[in-house]
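Everything below concerns the one structure shown next.
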Amino acid sequence: MIKDFKTGQEYLQAIYNQHRRYLSVQRELAECKAHIYQIKGQRYEKDKVSGGIQPDLSDRVILVEKYKEMVEQEHEELIIMRIEARRLIDMIKNDDEKTILREWYLNHRSYRAISRTIRISRNNITKTKEAAEVSFEIVFQKLKRKIHIDLSLIHISEPTRH
């Protein structure tokens, strides 16, 4: 996953965006479930209009199941990204920087909530977050170089087949 990104900032932003996609699909699922409960019965006092297609309950239940699968898929991807990012963030030495990156990018917390958690003013949160992003970039690039070297060693050690 790390090799898919050029910078640590892109990587952290991808995790942040993945969380937003996950929440979006969750909202869509909730809306879809709400539509199931809005199914109306046939009104027999009015003439039935032909040519219209009325979605039945089974179509709506199938749609809900598809949304559930999408929610699970987005959540699994988010969890995998969070685990990997947490390992990288834990390589940073400064505890406040670690906490800010975890809270902002992995847990989607606001600056206000983060400042309450680590007892730093909101203005200092911004400065510390910028420093944390620089520290993360250093860790990210070191690890990325290591992965690149490891992959190149694998390619060198593979026997060539003719």
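- Here the NE2 atom belonging to H19 is positioned 8.0 Å from the CG atom belonging to N107, to the nearest 0.5 angstrom.
- The backbone N or O of I125 sits nowhere less than 3.5 Å from a side-chain atom of T128 that would complete a donor-acceptor pair.
- Cluster annotation: V134 and F136 are assigned to distinct hydrophobic clusters (Ile/Leu/Val/Met/Phe/Trp/Tyr, side-chain heavy-atom contacts under 4.5 Å, transitive).
- Checked by atom type, the side-chain pair Q26/Y22 shows a donor-acceptor distance below 3.5 Å.
- Checking side-chain atoms of H108 against main-chain N and O of Y16 turns up a donor-acceptor pair under 3.5 Å.
- Here CG of D96 is found 12.0 Å from CZ of R119. Values are rounded to the nearest 0.5 Å.
- Smallest separation of non-hydrogen atoms from E137 and Q9: OE1-N, 3.3 Å.
- The side-chain contact (heavy atoms from CB on, under 4.5 Å) test with L88 singles out one residue from V139, L12, L101, and that residue is V139.
- Within the 3.5 Å criterion, the main-chain N or O of A113 finds a donor-acceptor partner in the side chain of T117.
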Subject >> side chain to side chain contact (heavy atoms under 4.5 Å, CB included) between R87 and D90, worked out >> reply: CA-CA 5 Å; R87 288 183 185 144; D90 285 342; 5.8 Å; no
Original post:
Between T7 and E10, is a side chain to side chain contact (heavy atoms under 4.5 Å, CB included) present by the stated rule, with each step listed?
Top reply: CA-CA 5 Å; T7 67; E10 286 178 10; 3.2 Å; yes
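- The CD atom of E76 lies 10.5 Å from the CD atom of E74; values are rounded to the nearest 0.5 Å.
- Note that CG of D95 is 11.0 Å distant from CD1 of I100, once rounded to the nearest 0.5 Å.
- When only modelled atom types and interatomic distance are considered, Q73 and E69 share no side-chain donor-acceptor pair under 3.5 Å.
- No hydrogens or angles considered: a donor-acceptor pair under 3.5 Å links the side chains of Y105 and E133.
- Side-chain contact check for I83 versus I79: some heavy-atom pair is nearer than 4.5 Å.
- S121 and S115 get closest at one heavy-atom pair: C-CB, 4.2 Å.
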Original post:
Taking it one step at a time, do W104 and R109 satisfy side chain to side chain contact (heavy atoms under 4.5 Å, CB included)?
Top reply: CA-CA 5 Å; W104 179 260; R109 298 257 163 69; over 6 Å; no
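- Inter-residue side-chain proximity for T126 and E130 is flagged as met; some heavy-atom pair is nearer than 4.5 Å.
- A donor-acceptor distance shorter than 3.5 angstrom exists from the side chain of N17 to the backbone of Q13, with no hydrogens or angles considered.
- Side-chain atoms of K98 come within 3.5 Å of backbone N or O of I92 as a donor-acceptor pair.
- Summarising the geometry of E97 relative to S135, their closest heavy-atom pair is OE1-OG, 2.8 Å, with the distance given to 0.1 Å.
- To the nearest 0.5 angstrom, M70 atom CE is 9.0 Å from C32 atom SG.
- The environment of R21 atom CZ is dense: over 12 non-hydrogen atoms of other residues, nucleotides or ligands sit within 6.0 angstrom.
- Note that NE2 of H75 and CD1 of I80 are 11.0 Å apart. Values are rounded to the nearest 0.5 Å.
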**OP:** Output, in order, the C-alpha distance, side-chain angles, deciding distance and verdict of side chain to side chain contact (heavy atoms under 4.5 Å, CB included) for K129 and Y111.
**Re:** CA-CA 10 Å; K129 180 179 171 267; Y111 286 145; 3.3 Å; yes
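- Of the possible polar contacts, one joining the R82 side chain to the L106 backbone as a donor-acceptor pair under 3.5 Å is found.
- Both L23 and V25 belong to a single network of hydrophobic side chains, linked directly or stepwise wherever heavy atoms of I, L, V, M, F, W or Y lie under 4.5 Å apart.
- In this structure, the side chain of Q18 does not engage the main chain of A14 through any donor-acceptor pair within 3.5 Å.
- No side-chain heavy atom of E84 sits under 4.5 Å from any side-chain heavy atom of M81.
- Ring planes of Y11 and F5: perpendicular class, angle over 60° (limits at 30 and 60°).
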